[in-house]
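These notes are about the structure you will find just below.
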Amino acid sequence: MSMNEKLLEILEANKGAFISGQELSGKLQCSRTAVWKHIEELRQQGYTFEAIRRKGYRLVSKPERLNVGSLLARLPAGFPWNIKYLEQTESTQNIVLQLARDGAGEGTLVIAEAQTSGRGRMGRAWVSPKAKGLWFSFLLKPQIALPYTPQLTLLLAVAVCRAIRYVTGLEAGIKWPNDILLHGRKVCGILVESAAEDERLLHIVAGIGMSVNLSIEDYPVELHGIASSLLIESGRTFSREDLLVETMRQLVELYRIFQEKGFSPIRTLWEALNVTLHSQIRVQNGQVPIEGKAVGLDDFGALLVETAAGDLVKVYSGDIRQLDTQTSRA
Ligand code: BTN
């Protein structure tokens, strides 16, 4: 049993009452500074403690663990769920990509409590600490031609944004193509990777990183003010299970609408939630950045940017920066 596990065992046996640092150091046969260090390590894993001088420490809450049985009981019926739950992995995205290559079916869903090499868009790292967020990837096999793949990216953003709004009541918005923002800071990212053969889309692997109960200390300083969590933005913690179930409920429903009616209704929903359209933006997706006004989406899901010279440029991927403060929330 590790020191952290022994410490937890003692604090749990104390049933939420305070136990002094001195008593803990005696029981664990280590210094009081070492006790404090173990408490800090456990805090990083999502445990919360109260620490009061002369009284000591008490365990306030344990990190919520996801439970596959409970998830399956709540996920929408009629979808071929095949869930793999991992305590820790490098990246759920890599696992689903491999499962897809091995012939896995639509509905394959891999969830991890922590990722050691979580991947973001454009080769960036994704902060994925244990039990504080939702880190999952799943497989979809839409019957669409390859150029329409960006439509799925936008559909995913709508599903996630609506789920956050529904569960938390917070006014999340979508920054093109599929970042979810709260108060201008990113609380959720979506990575879409696809495979094609002879211009035919074989599958897409959608990786969703929802930063739910992370504190500011979970992020490197350079991301402060850019990346955030639902907890940091609202001061409240939220159930990851509720958020995951609602995201999947929204996704299954929107995917059904997309298959029956096409992209048009999804586009309307995306436009109503977006914070990008009608703003002056700079797009970085290659050597030369494009600047102009975001004026709409085309039928494939590309962003239409009107430059100062009056040209209409189609942008299929990239990172955008808003140059004015005006937003377009409908
Ligand atoms: C982005 O950069 O906005 C996309 C972030 C996607 C992160 C998720 S977390 C689950 C899945 N596994 C990964 O390694 N990345 C995605």
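Side chains included, hydrogens not; waters and symmetry mates left out as well; all remaining heavy atoms used. Order of appearance sets the numbers: ligands from 1, and atoms from 1 within every ligand.
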Which one holds for [X] and ligand 1: side chain close, backbone close, both close, or neither close, with close meaning a heavy atom under 4.0 Å?
| X | value |
| --- | --- |
| Lys186 | side chain |
| Ile190 | backbone |
| Asn178 | neither |

For the pair [X] and [Y], find out whether any cationic side-chain nitrogen is under 4.0 Å from an anionic carboxylate oxygen.
| X | Y | result |
| --- | --- | --- |
| Asp319 | Arg124 | yes |
| Glu23 | Lys27 | yes |
| Arg119 | Glu193 | yes |

Considering non-hydrogen atoms of the protein only, which is the closest contact for [atom], and what is the distance?
| atom | answer |
| --- | --- |
| atom 5 (C) of ligand 1 | Trp126 CE3, 3.5 Å |
| atom 2 (O) of ligand 1 | Arg121 N, 2.6 Å |
| atom 11 (C) of ligand 1 | Thr92 OG1, 3.3 Å |

Close approach, Ser137 and ligand 1, non-hydrogen under 4.0 angstrom: yes
Gln115 touching ligand 1 at heavy-atom level, < 4.0 angstrom: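 A heavy atom of Gln115 does come that close to ligand 1.
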CD/Glu90: more than 12 non-hydrogen atoms of other groups inside 6.0 Å: no
Selected option - heavy-atom contact closest to atom 14 (O) of ligand 1, from Lys175, Arg119, Met210: Arg119
